[in-house]
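Every heavy atom of this structure was used, including side-chain atoms; hydrogens, water molecules and symmetry mates were not. Sequential numbering from 1 along the given sequence is applied to the chain's residues.
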Amino acid sequence: PLKKGVLHHTFYGLYPVSSPNRIVQALIFTFCIILSSTVPVTMMDALSGQGSTGRLSFAWLSSLNRVLKKNVKCPLYLQVRKKMVEKYVREESMIRGPKFLTTLRSHTVWEHTPVKLYCTVEGYPTPFVKWYKDGVSIDLSSMKYNVQDIVGIHNLEIVKCETDDTAQYTAVASNIHGQVSTQASVIVKSKFVYPVLLSFAVPMLPEIKYTKINITFLETFGSVFGTEGDTVTLAATMNISPNLANLQPEAQWFRDDHRLSDSKWVKIESGRGESKLTLPHLNKDDEGVYTLRMVTKGGDAAHSAFVSCADGPPPVPGSPGAPMDIKIHDANRDYVIVSWKPPNTTTEGPIIGYFVDRCETGTENWVQCNDSPIKICKYPVPGLFEGHSYYFRVRAINSKGISKPSRMSDPIAALDPTEFERLHAIKLGGKLDVVTYYDDVEDEKKVPGTPSKLHAPETDRTYVVLSWKPAPYHGRAPVWYYIEKVAETGAWQRVNTQVPVRSPRYAVFDLAEGKQYLFRVLAANMYGSSEASEPTEPIQTQELRGVPSAPGQVVATRQTDTSLVIQWAEPKEPNNLIGYYIDVCVKGSKDWDSANHKPHKSNKFVVQGLTTGETYVFRVQAINELGLSDESQESSPLSVKAALTIPSAPYDIALLACDGESMVLNWKQPIHSGGSPVAEYYINKRRHREHTWREVNIPPIKERLFKVEHLSAGAVYEFMVYGGSLAGLGAPSAPSKAFHCDAWTMPEPGTALKTSLKQVNILKMKQRVHSSKKRMPFYMQILLHI
């Protein structure tokens with residue numbers, strides 16, 4: 001056996017060293033390879049005591065390969081070969097998308113100097129790295145750039161930096177399992193000299209001034225109502241001012257506040273004042289509010305719209321829609337837990353159950369996991385092969401048939417989550433390392449310690465997930481665990497009698513609903529078993545309590561001329577509530593339709609795409625993993641038209657006349673009335689340089705003309721006006737200019753000249769609102785030009 005720190009090993013056997021059958025020597029050196037040993041080895045004959053010493057070398061390995069090929073039926077060789085396959089050949093069936101271990105770092109450099117950007121990436125198969133400058137692929141045929149890849153360490157070198165090399169650089173790593181990116185900025189500074197009495201050049205950093213970038217959307221995307229399988233594109237164009245090549249805004253796309261990135265289901269393109277998001281195969285998982293945010297250092301500009309996805313044609317008339325939102329929980333070496341959300345059944349019959357399917361990556365063979373339909377939206381899938389990766393999907397069933405399958409989940413590998421904690425590297429000298437397990441290096445021939453901190457991070461109706469902390473152990477003998485359970489009364493029973501557990505996490509299935517259990521765990525190896533751990537506190541499985549109760553009162557309010565806002569009271573018995581489905585129907589009709597096809601989490605929803613002037617009623621259903629609740633009571637009917645909002649602010653307050661004790665004011669009406677006429681106005685005043693505003697009129701003013709009285713002669717005043725409508729009091733206007741309360745004196749106006757008739761209007765004269773000390777008669781002369 002190999003021992004840590006021993007630089008020479010001796011092997012004893014019953015075969016003479018001089019035996020011409022070199023298969024024995026070959027097998028011994030094979031064990032050396034498995035045990036990652038490169039130190040001198042002596043082979044001793046236990047009977048004669050003769051021996052020979054040698055080292056592993058390429059010649060030995062070549063000889064070993066030739067000998068083993070001629071003796072492939074040797075039982076010992078087959079055992080060694082199996083051991084090597086089990087231990088090392090795992091990567092082919094594992095999903096290892098690219099991952100950056102070291103990301104790019106930003107640099108500030110001087111002009112005409114080189115700079116290197118480094119990153120380290122891992123993945124299987126080996127990821128391919130592509131470089132971008134400000135979102136544009138770098139032309140590597142140019143002599144300006146050098147790109148290197150040294151065993152996963154990638155670098156981009158700019159041989160001689162110029163000021164136009166100031167940009168954001170991106171490294172994108174991708175393989176068949178995914179894509180990741182890392183970004184960094186390079187700022188190139190110019191050198192210049194002080195224009196003073198200095199005999200040498202002094203490099204100085206130029207002053208960095210803050211630049212505010214303004215973004216104005218020119219064309220935006222609206223709400224989209226699609227069907228499963230459609231291709232949907234959301235695009236927006238914008239004006240960027242100032243449009244600086246080195247300070248371009250970042251386009252960020254969100255769905256319901258979840259940031260999106262390029263994937264199989266989402267494609268994003270941005271640049272040159274445009275950003276576009278494409279959903280190549282629309283699915284109910286894609287439904288939600290999509291927001292484009294153009295982010296700059298001075299803030300962001302955002303635009304949002306709703307994307308709806310209805311069920312496609314069913315495979316069988318009357319069958320339900322597909323489930324959605326497939327999630328994988330608690331992945332381990334031989335099982336995973338799959339959860340999903342139920343579809344809406346507005347026009348279909350109730351769902352009887354679900355089938356869960358799995359498919360190993362690299363194949364197209366879908367295998368049904370459960371023989372009979374399961375009624376809840378969560379299912380533990382056992383019997384997976386360690387190191388293999390799988391996709392999962394779910395189908396719903398009702399009395400009419402089976403639905404189309406859901407969108408398949410992301411791939412997941414069946415692995416021991418603690419396996420990497422047991423790895424360590426052995427330095428062989430130079431650049432060579434051997435990565436192996438602590439178990440393979442030390443062998444103290446002792447029983448493992450007692451596990452601790454046993455607890456249940458997850459409980460369900462029929463299973464409990466247990467987790468514990470292993471005792472420190474560095475022996476070569478493998479360790480496994482035994483889990484024992486006991487009901488409220490009874491003896492301890494071993495749970496895993498046939499399957500050894502090597503991970504400190506295990507799901508105990510086939511438990512009774514609503515019953516209490518105690519659990520404990522033991523560690524074991526080939527030398528014996530540890531003491532049992534401290535038992536857990538009583539753990540009670542969940543009890544099936546049924547679907548949620550129906551939501552409370554539903555209230556609809558107006559928003560725009562094509563949408564209404566729906567609000568409702570939460571159910572009194574939520575029972576692990578997942579979300580809500582909202583149904584809509586035209587008043588007087590019984591044709592209910594789904595307003596949303598993916599469960600909505602809050603108790604407020606905006607129903608889009610309604611017909612202006614039409615009257616609708618609404619109802620709501622609550623959802624949990626067992627299904628849908630009863631429908632709520634219908635809302636009161638409400639017609640669709642723009643909601644009333646408060647008016648915007650009046651503006652352009654003008655002074656028309658002043659007699660030293662009063663002022664006549666006029667202003668322009670608000671630009672936006674809010675859906676109802678602005679029928680009332682209120683005026684506030686204050687003295688110039690004061691902070692307190694005082695009301696001028698308590699009864700509202702009906703006209704945009706008012707005489708403010710009881711002013712002090714020679715004082716300076718400012719005025720502010722509010723507009724009011726049925727929706728309430730609007731925003732105040734900006735304060736007027738400072739008006740001096742001095743009496744106006746002016747000469748009598750003369751006769752108007754060169755007047756011609758362009759059109760005929762009927763003039764209605766109102767009574768004067770002010771009088772001057774000198775009467776000013778008004779004359780009108782009409783000249784007809786023929």
Side-chain angles (χ1 to χ4, degrees), residues 214-223 239 289 301-306 555-567 587 604-616 618 635-657 663-686 693-708 717-737 739 759 761-767 769:
N214 297 311
I215 298 176
T216 304
F217 285 108
L218 303 178
E219 297 180 2
T220 56
F221 51 90
S223 296
N239 179 45
V289 177
H303 174 73
S304 300
F306 182 72
V555 178
T557 55
R558 292 189 177 98
Q559 187 189 48
T560 69
D561 57 357
T562 59
S563 65
L564 295 175
V565 178
I566 311 301
Q567 293 178 283
K587 180 184 177 182
K604 181 178 180 180
F605 184 76
V606 179
V607 182
Q608 309 269 2
L610 303 177
T611 303
T612 304
E614 189 64 83
T615 303
Y616 294 91
F618 301 89
S635 68
S636 299
L638 184 66
S639 60
V640 181
K641 61 182 179 180
L644 298 180
T645 60
I646 61 174
S648 59
Y651 63 103
D652 285 357
I653 301 174
L655 177 63
L656 300 185
M663 293 183 181
V664 178
L665 302 179
N666 172 255
W667 54 89
K668 294 182 180 178
Q669 65 184 8
I671 297 176
H672 302 289
S673 65
S676 62
V678 182
E680 300 175 347
Y681 294 97
Y682 298 86
I683 302 176
N684 288 352
K685 70 177 180 180
R686 70 179 180 186
W693 291 93
R694 294 178 174 82
E695 294 180 349
V696 170
N697 62 306
I698 295 180
I701 304 168
K702 303 297 184 181
E703 305 294 337
R704 290 181 293 108
L705 192 72
F706 187 73
K707 182 177 182 180
V708 182
Y717 291 91
E718 294 176 356
F719 299 92
M720 186 166 61
V721 181
Y722 294 82
S725 66
L726 292 177
L729 197 62
S733 68
S736 68
K737 296 179 180 179
F739 297 143
Q759 63 183 25
N761 291 326
I762 298 176
L763 304 179
K764 182 179 180 182
M765 308 297 291
K766 291 188 176 182
Q767 185 179 1
V769 296

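- Using modelled atom types, one side-chain atom of H303 and one backbone atom of F221 make a donor-acceptor pair closer than 3.5 Å.
- Checking side-chain atoms of S673 against main-chain N and O of V678 turns up no donor-acceptor pair under 3.5 Å.
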field: Stepwise side chain to side chain donor-acceptor pair (under 3.5 Å) test for R558 and S639
entry: CA-CA 8 Å; R558 292 189 177 98; S639 60; 3.0 Å; yes
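- A donor-acceptor pair under 3.5 Å is absent between the side-chain atoms of N239 and the main chain of I215, judged by distance alone.
- Using a 30° and 60° split on the angle between ring planes, F605 and F306 fall in the perpendicular class, above 60°.
- Checking side-chain atoms of T615 against main-chain N and O of P637 turns up no donor-acceptor pair under 3.5 Å.
- In terms of modelled atom types and a separation under 3.5 Å, the side chain of Y616 and the main chain of T611 share a donor-acceptor contact.
- Smallest separation of non-hydrogen atoms from S223 and A305: N-CB, 3.8 Å.
- The shortest non-hydrogen separation linking A649 to P732 is CB-O, 3.2 Å.
- Of the possible donor and acceptor atoms, one in the side chain of N697 sits under 3.5 Å from a partner among the backbone N and O of I683.
- The ring of W667 has its center no closer than 6.0 angstrom to the ring center of F719.
- Ion pairing between a basic and an acidic side chain is recognised when a charged N comes within 4.0 Å of a carboxylate O; K685 and E718 show no such pairing.
- Smallest separation of non-hydrogen atoms from S563 and Q608: CB-OE1, 3.9 Å.
- Between atom CG of residue L665 and atom CG of residue L705 there is a gap of 8.5 Å, rounded to the nearest 0.5 Å.
- Shown here for L729 and Y722, the closest heavy-atom pair between the two residues is CD1-CB, 3.8 Å.
- Taking all atoms of both residues into account, the shortest heavy-atom contact from N666 to R704 is ND2-O, 2.7 Å.
- In terms of heavy-atom proximity, I646 sits nearest to G730 at CB-CA, 4.1 Å.
- Classification of D561 and K641 as a salt-bridged pair fails, no side-chain N sitting under 4.0 Å from a carboxylate O.
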message: Working note: V721 + I653, criterion side-chain contact (heavy atoms from CB on, under 4.5 Å); need CA distance, chi angles, decisive distance, verdict.
response: CA-CA 8 Å; V721 181; I653 301 174; 3.6 Å; yes
